[in-house]
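See structure below.
From a predicted model like this one, the values you see are computed outputs, not experimental measurements. Chain letters run A, B, ... following the sequence lines, proteins first and then strands; every chain starts at 1. What you see below is based on every heavy atom in this structure, not just the backbone, and it leaves out hydrogens, waters and symmetry mates.
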2 protein chains.
Amino acid sequence: MSKRLQLKTAEIEKATHIEYFNIALSVDCVIFGYEDKQLKVLVQKSDLAEFQGLYSLLGDLVRPNEDLDDAPYRVLSDRTGLRDVYLEQVHTFGGLNRHPSGRVVTTAYYSLIDVCHHALQITEHDVHWHAINDLKNLAFDHKLILDTCLERLRQQVMEEPIVFNLLQEKFSLRQLQDLYEAILGVELDRRNFRKRITLKNWLVDLNEMEEDVPHRPGKLYKLRTQLRREYRMSDKQRMQKMVV
Amino acid sequence: MSKRLQLKTAEIEKATHIEYFNIALSVDCVIFGYEDKQLKVLVQKSDLAEFQGLYSLLGDLVRPNEDLDDAPYRVLSDRTGLRDVYLEQVHTFGGLNRHPSGRVVTTAYYSLIDVCHHALQITEHDVHWHAINDLKNLAFDHKLILDTCLERLRQQVMEEPIVFNLLQEKFSLRQLQDLYEAILGVELDRRNFRKRITLKNWLVDLNEMEEDVPHRPGKLYKLRTQLRREYRMSDKQRMQKMVV
DNA sequence: TCCTTAATGTGTTAATAGTACATATTGTAC
DNA sequence: GTACAATATGTACTATTAACACATTAAGGA
């Protein structure tokens, strides 16, 4: 696509003059994981002098021939090796000075992935998991982006069966409750938690037991196959399905 | 800002080569109004041949030196004369072929304004209110944008006191219920509705009565002054307040 | 003036969801 | 086999939601 493309609308005709195309568009991914009873996020060392010593989220510029919603999918695929991840667009941040190198507007997505997934491979040595609670500062406005995504995640976990993307296929109710507590940052009553979960009818009892635990083993469950399919899809895939 | 700006990060250094800056960024506003017991939206005739006869939302390209969240505010101000409107960012649409003239990514906002506001002036002759229920097609992907914003509005009306932006200062409970019904598209029980509203403690009884109605007049209420201030602010203003 | 009409204004009950809390059971480890 | 620690389950209380019926007030016409 050339910058001298055939512009047809009045509003776009002005663009060539004032160089409207001088805004770059990026995506930033808040990639959540769950490990050691802690909610974690994938970060990397910032490569900007301004932010020396700070971590930043994983992101990239959107390519000229790339659908916006494909970009975070590509970032996930490139940096973690994972495909078919859960992805959700959250907010677009367009402050004038959010990027020290120029005008970059970024769309934030959050993703939920299984830290133990066999296909997960983090090759870049400076990319690593970091507990949410220990992150006070991030490069750019990435702390704001993280907080915004975390808030959205907290809103959604009680309504939609999405947290299972953070767990392995089989899990006990205790593990599930630990996860919810890590996400919400509160302690939950075990009996009421079990009641709420069973009421939602999301789970299937596998009639299997935990193994190699230093206490009485709990029953194992998995997410209903139907729901597992539905909530492993990216935003874009879901939207396409809605249209169909 | 020159296109030859000092790029510092690796990811942005690639930009100059591949012409990443060839993506234009726009905002589109779903401006809701309420009239004749119907939820309406401000639309205008599309000026593109491809969409002849179709309406489109009000939008504009984001200016190089303009904060993203300021752009819809400017659109509102330019096209309706209104300032201090309620504005909420909803979603960013970045499909490859959503704009026939080139690559334009758009961030959608919805706004709630009072159709009877004294400062409201729609000067452009092709801009007008259109009932939501009669709109089957819009230019571009604007029908999808409208639907997405409407869905978000429906999610929010029961939680936050925002619908009052659509009404004049004084209103009866019947008028308020009609408005909720128009937004949600369902009929509500009068007694349960009144109970829910009074429980939320949003309203102040003005000890005044409706006048010039062809039936028994109802009591008039207004939104608490505190809330009225809080929920008349734009997204950006609220976020700034949160930081402070 | 009185009666009809149409809308406002309020209360009760049943069902459902949510919260607080106690006891029995099972497997591990000593 | 006994102490321990975690699983598993039930019950009473409260709050919220949903369904539903009747009295009251003003307008308008006979």
- Task: Using atom types as modelled and distance alone, determine if a side-chain donor or acceptor of D189(A) lies under 3.5 Å from a backbone N or O of N192(A).
- Result: yes
- Message: Does a side-chain N or O of R190(A) approach OP1 or OP2 of dC21(C) to a distance below 4.0 Å, or not?
- Response: no
- Task: Taking only heavy atoms on the protein side, list every residue of residues 166-181 of chain B lying under 4.0 Å from any atom of DNA chain C, sorted numerically.
- Result: R174(B)
- Pick base, sugar-phosphate or nothing for R194(A), based on heavy-atom distances below 4.0 Å to the nucleic acid. base
- Output all residues satisfying ring-ring contact (aromatic ring centres under 6.0 Å, His included) with H117(A), sequence neighbours left out; order by chain, then residue number. none
Show which side-chain atoms of residues 129-136 of chain A pair as donor or acceptor with protein atoms under 3.5 Å away, not counting sequence neighbours.
{"from": "K136(A)", "atom 1": "NZ", "to": "N133(A)", "atom 2": "O", "distance (Å)": "3.0"}

- Reading DNA chain D 5' to 3', which nucleotide is the first, and which the last, to come under 4.0 Å of any heavy atom in chain B? dA18(D) to dA26(D)
- Note on the structure: Ranking dA22(C), dT10(C), dA20(C) by distance to the side chain of R191(B), first place goes to dT10(C)
- Message: Between C1' on dA22(C) and NZ on K195(A), what's the gap in Å once rounded to a whole number?
- Response: 13 Å
- Message: Using five base pairs at each end to define the local axes, how bent is the helix from dT1(C)-dA30(D) to dC30(C)-dG1(D), to the nearest 10°?
- Response: 10°
- Message: Determine whether a donor-acceptor pair (N or O, by modelled atom type, separation under 3.5 Å) exists between the side chain of K200(B) and the backbone of M158(B).
- Response: yes
- Query: NA contact type, K219(B), heavy-atom cut-off 4.0 Å: base, sugar-phosphate, or nothing?
  - Reply: sugar-phosphate
- Item | Residues in contact with DNA chain C, drawn from residues 197-218 of chain A - heavy-atom cutoff 4.0 Å | H215(A), R216(A), P217(A)
- Message: Determine whether a donor-acceptor pair (N or O, by modelled atom type, separation under 3.5 Å) exists between the side chain of N165(A) and the backbone of Y231(A).
- Response: yes
